[in-house]
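Below is one structure, written out as structure tokens, with a few remarks after it.
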Amino acid sequence: MPEGHTIHRLALTLERAFGGTRPEVSSPQGRFADGAALLDGRLLERAEAWGKHLFLTFEGDRILHIHLGLIGIFDVTQYASPTSPQPLPPPVGAVRVRLASATHVADLRGAMIVDLITPEQQDAVLTRLGPDPLRAGTDGNEPERALAVMARTGRTFAEVLMDQSVLAGVGNLYRCEVLFRHRVDPFRPAKQIRPQTFHTVWDDLVDLLSIGVAFGQIITMDDQLDQAREIIAGQGEQASDAYRSGRLTLVDWRGADEAELGQRRPAYEEGSAFPREFYVYQRDGQACYTCGSRIRTQVLAGRNLFWCGRCQRRR
DNA sequence: GTTTAATGGGTAT
DNA sequence: TACCCCTTAAACT
């Protein structure tokens with residue numbers, strides 16, 4: 001499930017659930033037992049996402065570095081409320097890390113990276129990342145940085161789009177869909193992409209990923225995006241401003257009382273889901289919605305690329 | 001019951 | 001390019 005939007009949403013959810021508290025940290029499966037013991041009962045200062053990397057900073061500069069990889073999942077649930085305490089639900093399956101408070105529990109399974117690191121090690125991870133569309137408008141996240149790399153690589157645009165050192169947070173699904181949305185040939189050399197085209201793609205990614213964070217799912221089709229934007233516009237000025245600035249993830253919910261949260265909380269939390277539908281992703285052999293020709297697929301650098309050979313020719 | 005695929009990515013060859 | 005790691009659920013036999 002994880003592209004950048006998943007991780008940014010997780011950071012927001014974890015901050016709301018555990019930020020400023022001292023969660024119990026354990027490793028029911030046992031593979032993170034030592035790290036869990038070091039973090040248990042420590043103050044969780046903040047949770048942050050950079051591209052697909054998640055960092056939970058505990059007091060004393062103890063940083064829990066998590067990367068979900070392809071199959072990782074971090075479930076955060078509220079199992080009790082302050083007025084109605086409930087027993088903590090037992091872990092199910094291979095839970096490598098569990099955070100638990102009197103009201104919330106978060107279970108991490110299948111992650112590729114689970115490490116306790118120092119601020120210096122965190123910096124080393126961050127310097128290897130390209131600009132993150134979900135941090136657009138902040139230092140170091142300018143699309144020009146990606147353009148500079150593109151100008152001196154021999155690789156195709158589709159390869160470069162998923163390279164985390166060029167762009168942080170974009171995965172295979174957003175890649176396929178954004179290429180189709182702008183009718184760009186995936187195999188076009190990155191250096192041949194016009195800067196104006198790339199800026200349009202970048203702006204679109206800022207929009208798409210932000211909506212992905214807001215709704216907790218990848219939405220790429222125009223009719224669904226229109227509905228999504230309408231729902232966001234109905235959330236009031238604060239959510240709307242944050243969305244327009246491309247930083248819906250960075251809204252700080254801490255300190256808000258329940259009434260305020262009710263007003264600011266996006267509709268998605270009440271569970272409005274869009275049908276899972278895409279322009280090209282996993283539609284190989286089916287008719288392109290625009291031109292009717294068959295959607296094609298090919299393994300590119302180990303991942304399944306999907307595109308429309310007619311709509312995405314030579315651009 | 002066994003195999004496969006999944007929105008990742010590092011390391012060896 | 002190949003192989004490895006992580007875990008689960010759906011699709012096979």
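A note on names: the letters A, B, ... follow the listed sequences, proteins ahead of strands, and every chain is numbered from 1.
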Just to verify, what does A:Thr83 make a side chain to side chain contact (heavy atoms under 4.5 Å, CB included) with, not counting sequence neighbours? A:Ser81
Between side-chain atoms of residues 33-44 of chain A and protein atoms elsewhere (two or more places apart, or another chain), which donor-acceptor pairs fall under 3.5 Å?
| unit_1 | atom_1 | unit_2 | atom_2 | d |
| --- | --- | --- | --- | --- |
| A:Asp40 | OD1 | A:Val25 | N | 2.9 |
| A:Arg42 | NE | A:Leu38 | O | 2.7 |
| A:Arg42 | NH1 | A:Glu59 | O | 3.1 |

Distance-only criterion, 3.5 Å: show the donor-acceptor pairs between side-chain atoms of residues 90-102 of chain A and protein atoms not counting sequence neighbours.
| unit_1 | atom_1 | unit_2 | atom_2 | d |
| --- | --- | --- | --- | --- |
| A:Arg96 | NH2 | A:Ala111 | O | 2.6 |
| A:Arg98 | NE | A:Asp107 | OD1 | 2.7 |
| A:Arg98 | NH1 | A:Pro89 | O | 2.7 |
| A:Arg98 | NH2 | A:Pro89 | O | 3.0 |
| A:Arg98 | NH2 | A:Asp107 | OD2 | 3.0 |
| A:Ser101 | OG | A:Thr103 | N | 3.2 |
| A:Ser101 | OG | A:Thr103 | OG1 | 3.4 |
| A:Ser101 | OG | A:His104 | N | 3.0 |

Just to confirm, is there a sub-4.0 Å distance from OP1 or OP2 of B:dA5 to any side-chain nitrogen or oxygen of A:Gln282? no
Inter-nucleotide P distance (B:dT13, C:dC5), Å rounded: 14 Å
Earliest and latest nucleotide of DNA chain C, 5' to 3', sitting under 4.0 Å from a non-hydrogen atom of chain A? C:dC6 to C:dT8
What pairs with A:Val149 under side chain to side chain contact (heavy atoms under 4.5 Å, CB included), at least two apart in sequence or on another chain? A:Arg152, A:Val166
Scan nucleotides 8-12 of chain B against the protein and return all N/O pairs shorter than 3.5 Å with their distances rounded to 0.1 Å.
| unit_1 | atom_1 | unit_2 | atom_2 | d |
| --- | --- | --- | --- | --- |
| B:dG8 | OP1 | A:Lys52 | NZ | 2.8 |
| B:dG8 | OP1 | A:Asn172 | N | 3.2 |
| B:dG8 | OP2 | A:Arg303 | NH1 | 2.6 |
| B:dG8 | OP2 | A:Arg303 | NH2 | 2.9 |
| B:dG8 | O4' | A:Gly69 | O | 3.4 |
| B:dG8 | O4' | A:Leu70 | N | 3.1 |
| B:dG9 | OP1 | A:His67 | NE2 | 3.4 |
| B:dG9 | OP2 | A:Lys52 | NZ | 3.3 |

Any base atoms under 4.0 Å from A:Arg31, or only sugar-phosphate, or nothing? Heavy atoms, all strands. sugar-phosphate
Under the rule for salt bridge (Lys or Arg N to Asp or Glu O under 4.0 Å), what residues qualify as partners of A:Glu177, not counting sequence neighbours? none
Just jot down the side-chain hydrogen bond (donor to acceptor under 3.5 Å, both in side chains) partners of A:Gln122, sequence neighbours excluded, or say none. none
Under 3.5 Å: donor-acceptor pair, side chain of A:Asp132, backbone of A:Leu134: yes
Say we look at C:dT13 and B:dA5: how far apart would their P atoms be, to the nearest angstrom? 13 Å
Identify, with sequence neighbours excluded, every residue that meets side-chain hydrogen bond (donor to acceptor under 3.5 Å, both in side chains) alongside A:Thr57. none
